[in-house]
Amino acid sequence: MTAKTEASAAPMLTKKDFASGAETRWCPGCGDYAILAQTQKMMPKLGVPREKIVFISGIGCASRFPYYMNTYGFHSIHGRAPTLASGLKVTRPDLQVWVITGDGDGLSIGGNHLLHALRRNIDINIVLFNNRIYGLTKGQYSPTSEQGKKTKSSPMGSIDRPINPISVALAAEATFVARSLDTDPPHLMEILERAAHHRGGAFVEVYQNCNIFNDGAYRDFTDKAVRRQRMLYLEHGKPMRFGDNDELGIRLNQLEPEIVRLDEEPTAEILTHDQHRADPGIAHLLARMSYPEMPVPVGVMRDIEEPIYEELLDGQIDQAVATQGPGDLPALLRGDASWRVT
Amino acid sequence: MTAKTEASAAPMLTKKDFASGAETRWCPGCGDYAILAQTQKMMPKLGVPREKIVFISGIGCASRFPYYMNTYGFHSIHGRAPTLASGLKVTRPDLQVWVITGDGDGLSIGGNHLLHALRRNIDINIVLFNNRIYGLTKGQYSPTSEQGKKTKSSPMGSIDRPINPISVALAAEATFVARSLDTDPPHLMEILERAAHHRGGAFVEVYQNCNIFNDGAYRDFTDKAVRRQRMLYLEHGKPMRFGDNDELGIRLNQLEPEIVRLDEEPTAEILTHDQHRADPGIAHLLARMSYPEMPVPVGVMRDIEEPIYEELLDGQIDQAVATQGPGDLPALLRGDASWRVT
Amino acid sequence: MVESPAAGVRPAIRERERVTVRFAGDSGDGMQLAGNRFTDETALYGNDFSTLPDFPAEIRAPAGSLAGVSAFQISFSKRQIYTPGDAPDALVAMNPAALKVNLRDLTPGGLLIVNEDAFTSGNLKKAGYTSNPLTDGSLSAYRKITAPLTTLAVNAASETGVNAQQAERTKNFCALGLVYWLYDRPMETTLGWIAEKFKSNPAIADANVRSLRAGYDYGETAELADEHVRVAPAALPPGEYRHITGNEATGLGLLTAAHLSGLPLFYASYPITPASDVLEQLAGYRRFRVRTFQAEDEIAAAGAALGASFGGALSVTGTSGPGLALKAETVGLAVSTELPMVILDVQRAGPSTGMPTKTEQGDLLQALFGRNSESPVCVIAPATAGDCFYMAIEAVRIAQQYMTPVIFLSDTYLGNTSEPWIVPDLEALPRIEVQRRTDPEGFQPFSRDPETLARPYALPGTPGLEHRVGGLEKADGSGEISYDPENHQRMVDLRAEKIERIARTIPDVEVDGPQAGDLLVLSWGSTHGAIRSAAEQAQAEGVPVSTAHLRYLNPFPTNLGEVLGRFQHVLIPENNSGHLLLLIRARYLIDAQGLNKVTGKPFTAVEIAEAIMKLSEKISDDR
Amino acid sequence: MVESPAAGVRPAIRERERVTVRFAGDSGDGMQLAGNRFTDETALYGNDFSTLPDFPAEIRAPAGSLAGVSAFQISFSKRQIYTPGDAPDALVAMNPAALKVNLRDLTPGGLLIVNEDAFTSGNLKKAGYTSNPLTDGSLSAYRKITAPLTTLAVNAASETGVNAQQAERTKNFCALGLVYWLYDRPMETTLGWIAEKFKSNPAIADANVRSLRAGYDYGETAELADEHVRVAPAALPPGEYRHITGNEATGLGLLTAAHLSGLPLFYASYPITPASDVLEQLAGYRRFRVRTFQAEDEIAAAGAALGASFGGALSVTGTSGPGLALKAETVGLAVSTELPMVILDVQRAGPSTGMPTKTEQGDLLQALFGRNSESPVCVIAPATAGDCFYMAIEAVRIAQQYMTPVIFLSDTYLGNTSEPWIVPDLEALPRIEVQRRTDPEGFQPFSRDPETLARPYALPGTPGLEHRVGGLEKADGSGEISYDPENHQRMVDLRAEKIERIARTIPDVEVDGPQAGDLLVLSWGSTHGAIRSAAEQAQAEGVPVSTAHLRYLNPFPTNLGEVLGRFQHVLIPENNSGHLLLLIRARYLIDAQGLNKVTGKPFTAVEIAEAIMKLSEKISDDR
Ligand SMILES: Cc1ncc(C[n+]2csc(CCOP(=O)(O)OP(=O)(O)O)c2C)c(N)n1
Ligand SMILES: Cc1ncc(C[n+]2csc(CCOP(=O)(O)OP(=O)(O)O)c2C)c(N)n1
Ligand code: SF4
Ligand code: SF4
Ligand SMILES: [Mg+2]
Ligand SMILES: [Mg+2]
């Protein structure tokens, strides 16, 4: 296990050990608090000592996150966190490296870095807080804002078609792709833990409420009262069922997902969720399911194993040393055409 | 038809009219020549006057393209052509705007701009010459180079997993996505023409041979002798069949594409190609099919109609003028709390 | 019924020439609103004034925390003034945190207006107080009005039937009412504003009105006669006035430039504090056919602007310092392709992310040199909030006339400060000439106008002028790619000379005060107001100081060398470590001295006046 | 059997002190190879030398076209030399295009060696000749050897049974053989090289050898006695030598710095001419445990390097001018977080894409000022190809010692030029001290070393030192986010002072020639060689000129002001429009003069010598 940091024999830490003590600067009621709490709660379970953990972020409300974690942290510049994380992980595979980003930070200015970090399958964990708005700059539309959204910079409604973060991660062939939400703490913690354990690049989209500039963005389907009717909790190996009594299911019709009422059609061929499918086709279908037409899927959409960038790199180094011998610097400095002047 | 430039009554132009006369500076034998020739041949068919056409490129061998077209042209900076094209098209919807880019220009440094231009559905045509190498900088691996590829900058083989350009375009929900190749001129010309006619952002990947730094990258399946066996020419409404005698077909098995021998299983349920499917699921499956496991699909993978960015923008302008009246600058300058000092 | 305060019996009132008041409270306390109402009232009353908001760095920090304090300062006067005042004469502190953060700025002996209701132990703790400053004697150096503003507000507002929370939220109006009384302001516009704003909710409107009056009455009845002050109207030049911030003026200037040139305005930007205002403002001008484009990043915004330039639009891209760095390569392409483009940089405190809500003038050298190789651009900077309007027009004029990118350096202070501004007469503004090449005969994309050295502007859509531009070096004239060494030297020289020629069309720099002498204070950008005030102070004290302010940083006005030559000493105050200083020393080889302040805050007039005094003493001593 | 030419009867031979030869042909003609063989032979023979390739801008332009011409120049001497020669004394032109492009550089009366076989009407046309220059008298000003090199090569090579195309491709060796004869060079290394290179294909090896000998024999038999010249070996300091280009030396320097510091080397880059060489070189050093990272763009490369720095790697990011612009924001973050990092900029001709294969020194001001706000970094520049090695080590030393980004300014000329270089003795090189904080007691991430002002370097993985860094302003000491005005000023000052303190650890600038006097030529970077040569010429002619060369641009050596003060006049030659000039004038207020060449080509010694002469005449006249 070179890619993921080994659990140490150190005494078990607690949630509190992961709180830096810095005063949180988010608006009261912001969904970021819940994500922070679940992360701090989850970390001790990993058994990784604090000093081996690094949180790297860009700029945005979400990106303040590292200040509140009592680990190493880097609040970098807007959109570039995946690049710092890549350089760090490639040179320090012993560390557990997290990237915290926002929908603007990660998909607007930083979209390309996200794509490339994931396609390289560097063993970092990227958590994108998607509040569908630019929070820190006070409320302009973001790349995930719905078309038609009225914001400070789109008083007549945004005309940009939104980006689907999961689709982008899948297009990058990310080896771990998941979604969770700020208002379901146990689920969120589980997903973060799964991401931490995944070997390779992990991408987690977290639906996050910005109660100041985009309050209730997800309320229609995440509200506790309707959640089971309007969201699809994905579980590996389980049929895709939802509804208060699991009375609804997802099947394919003409290769497009549709809802089927199992109480009426008990024999319908419901899709079974397979996180380990090499082909991301179904994951792509899931990514595009959206309320109100369809339930909104959360959970792990994809979890496959592929060679890890930094391991391949170190493998080349080992191979070079094995086949060519360790580098001989004096010989290299001399080159192959030196001469002596006497 | 505001988005695409109207055909003029001007006399029919010929291929020659589209040659700028500048000396081409590509290596003899480069696939770029064929793409240039087909483009020049296709242009007159559109009936758009030369002065209404603009080719914008980034930097790279491919990006020299605009110099050879007798239209307006802009050889910009590395990776940024989609941004210039967006600004131009949004302010000048009367022009037909093309972006010419390479796999490095369009997917490495420029990946994010490509994604955002496509997701906005600005009515530009992006043609990406994919030679799976950095040509102009003399042969480093590119984001589309195969893993393991030995190049100047990867003497022990590239460890990056390649990006699939079609997957990225589909993740951006591009409304037109196609692939063609330099060595099939009629097909290439047809695809370019389809892209030109498409209303909305069009993305065309062209497999292009760099005979200096990556010779024969596609030869295994594009060679005339094997082409029909190893490539799948997609046609709308037609079953996905290939082989010298169309004896092979593609069907889904457990939601994954597989090859079926129709001579043995004549009744097999072969997929029918539907370019106009709103759901890009099948297109995603096609994008990932690669030789030798599967035939390589070329043709139009997706062609749907969605509102166009610049039309939406102009629509807002018209609506604002209609509802609020045309802007009254003196009144605006005065503001709503002016006072007089006498 | 609440009695109209105007009808009350008034105690004697004292006249003052100038007063500076700061409203400070929690982000949620509505201090910006109170400040803006006070400003409107002051404007109508006829004072000259200058305002400056101080937003918290956080969106909405925890209520009562130091990070959540929001403030608004206004200085108003019966004379012309140039700054929002150095130190406030009066500070309204709505809670302990506001007191803690702002007290150090209050003039010694100044007036404190405190909402005593907010000084609960919880709030004191959040602000880091261990004892209550209202009672522990630590405020003895100040005059104090401790009023139960919340209680007053709630009592007054509750009569209207609004709920407790709504009633409590009117306390900013209560504070405002008290301040109106203190400075003997009318309240008509405020009443009108409330009526308009809450027309759909008359109960709330009424609650606010009552709270406002409760504050006013409190002043009247609480034996505050000693604090009752009047600042007479100023003798401002006649005309129609409005108040305006620098960012507003910039947006209006760009829109007006579009009008004056007949070009469609295209504004491409990526949100960034403190430039986002301009994007948001222009996004609201669809009825003026303004196209705004919120790009995926600053590079894309610059690229989109340049692409639109190629098509003939009036292209502008706006950002702040870190974004300017990202736009560098694209600006270089604009230099090389010689296309017009305006780059707006509302500077903020750095380096890196720095202090995004604070002011600085740290991007001058970046604007000049922050690109690879010889890549000269025109750089200009407005001097005041209102000047942003005229300099924005000037930026467009130069860009179009000289086919060049123009960098417009505003800053956080200029962007946010507001001042009375004479509404410009559109008809009186000169048109902006726009050149367009249409004749194919002898067309060469890189031929040059003999006077300006501008190349012809041939737009796509023009038959017969099809041509290609790009970032590779171009042959002089034909514009074909050229690696010819002599051609490259010629093109480098031509591009530089073209920028120098802009000097032919810009005004001479003017000297305020003695036209020659011992000491010239030279400045650029937002330091103008503080320097002007400081110079007036110094002159009033008999120190013969002159000032000169540069609106054009590249090229410099042609008479600058000659002007500098008339003075023995030159002092250059800047909110950076000496950018203009470097340029002046290098170019004119004079031993100019810098006065540099890099704290995220603008200069106070006093700071500059002190430096002037010190220097002029030293000069006399040296004689 | 071909007789060994060494055994032939030799006509009388003339001695020369220095000769400059240029090999020019089509990209496909193998001129770089011929030049490199000649260089190896010359090195072993014992001359001092300097070489410079001139690659075509196109990858592989059409055969025979002007755009496809590739050239290689070598100057070799019995004395120490510093440049690849101003104008070649002899030009080998393998085809008409090569002649057309290179002839203008040949010294008047110089020797032309022409492959007459290539002067077909087709090739003449491709080169734009309307008549054949070999016969139309237009070359009468030159000495000429018109040899049927292709025919000679084909005839000789065919004997080995290779096919016609293969035989034809040996013509570069034929030309080389002829040049060997002309300059009386041995051929042993070349023969050895051929044997090794083509060991898997003996027929090709043999063909090349025969072609080489055919060329040599042609010289022997064609009555070229007048052109037979010898340049005696130089008295170079004893030692083991190799030849090296600047880019090679840079890569080796970084690798050596890793060795000297014990740090793992991480090189993150995005390919760009002319910096890609270094990426490619280092990518080949896996056995040295070097990690190279080809990023998706320059921003990502800089970010990756900074991330690796945070983890304690020896981080370097390499690029050229346009890429430096893109890295600006990240470099600013490195300044703010005070992390070590080396940014390599192999400068090329701009602005914008410019002339990517040509040289320029246009990024000095960008390196200093191309970031938002006050963002000081250390800037250094190597003087020669070999010096790249030592300055790369120095860059790493400074970055680590001072916890700062260091920008290393090389350029296309330095990157590509080669010279003999004494193989350094690893043991003799000083170790690079690397500080690491491990003690949690009293740890403050932004406390400072009292001498260097560097902050402690606490790596992730160190228990008890968990801390957060970022681009927001930090409180002095604790590193917590701070918006405090005084703190910001202090941090701005501290960051500047830290860079200034670097001067305490760098050598004084040295003056070559008289230590005081009328004229000092001050320079930096790749102009060193040409200036050194020019000064020697001038001194030889009795003009008392001194030179001083800066390797450290920020901070300057502490004695620079004092040195400048010792001279009446200062001349600053630069391949830009006056970057160092601006800095020197601003800082020292001296009326230094620029000598500026921005043609994409390095200075020739003659150009500088002429400027020196002119200036020193003027100085005498003025007396
Ligand atoms: C280079 C640069 N451009 C722009 C900004 C301004 N900026 C800061 S955060 C942000 C967007 C934040 O949105 P998101 O990533 O969704 O984070 P949120 O605040 O919503 O959590 C922007 C545009 C910046 N800091 N740097
Ligand atoms: C900012 C910047 N970075 C790097 C380069 C160098 N560069 C020029 S073209 C290119 C890649 C070209 O590859 P591709 O886009 O695949 O085009 P091709 O040459 O293969 O057609 C690179 C890295 C540059 N010109 N500008
Ligand atoms: S602005 Fe929105 S996202 Fe930012 S801290 Fe406040 S609630 Fe959270
Ligand atoms: S290097 Fe390759 S892509 Fe570039 S012109 Fe040559 S063959 Fe074409
Ligand atoms: Mg967001
Ligand atoms: Mg390519």
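What you see below is based on every heavy atom in this structure, not just the backbone, and it leaves out hydrogens, waters and symmetry mates. In what follows, chains are A, B, ... by sequence order, proteins preceding strands, each numbered from 1.
Side chain to side chain, D/R286 and D/T292 meet the donor-acceptor criterion of an N or O pair below 3.5 Å.
There is no contact between D/W193 and chain A, counting heavy-atom distances below 4.5 Å. Of the two parts of D/L236, the backbone and the side chain both hold a non-hydrogen atom closer than 4.5 Å to a non-hydrogen atom of chain A. Using a 4.5 Å cut-off between heavy atoms, D/I481 contacts chain A through its side chain alone, with no backbone atom that close. Using a 4.5 Å cut-off between heavy atoms, A/V90 touches chain D through backbone and side chain atoms alike. Both the backbone and the side chain of D/P463 come within less than 4.5 Å of a heavy atom in chain A.
Checked for salt-bridge contact, D/R289 and A/D318 meet the test: a charged N lies under 4.0 Å from a carboxylate O. The existence of a salt bridge linking D/E296 and A/R119 is excluded, since no basic side-chain nitrogen approaches an acidic carboxylate oxygen closer than 4.0 Å. The existence of a salt bridge linking A/D94 and A/K52 is confirmed by a sub-4.0 Å separation between a basic side-chain nitrogen and an acidic carboxylate oxygen.
Paired with A/L88 under the rule side-chain contact (heavy atoms from CB on, under 4.5 Å), one option of A/I122, A/L95, A/T83 passes, and it is A/L95.
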Distance-only check: which donor-acceptor pairs under 3.5 Å involve side-chain atoms of residues 335-342 of chain A, not counting sequence neighbours?
unit_1 : atom_1 : unit_2 : atom_2 : d
A/S338 : OG     : D/E240 : OE2    : 2.9
A/W339 : NE1    : D/A43  : O      : 3.2

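Within residues 310-317 of chain D, the residues having any heavy atom closer than 4.5 Å to a heavy atom of chain A are D/F310, D/G311, D/A313, listed by residue number.
Atom NZ of A/K138 has more than 12 heavy atoms from other residues, nucleotides or ligands within 6.0 Å.
Counting heavy-atom pairs closer than 4.5 Å to chain A, the top residue among D/F266, D/F389, D/W421 is D/F266.
Counting only residues at least two apart or on different chains, the ring-ring contact (aromatic ring centres under 6.0 Å, His included) pairs with a member in residues 41-68 of chain A are A/W26-A/Y68, A/F55-A/F65, A/F55-A/W98, A/F65-A/F129, A/Y67-A/H75. Applying the ring-ring contact (aromatic ring centres under 6.0 Å, His included) rule to pairs touching residues 78-97 of chain A yields A/H78-C/Y270, sequence neighbours excluded.
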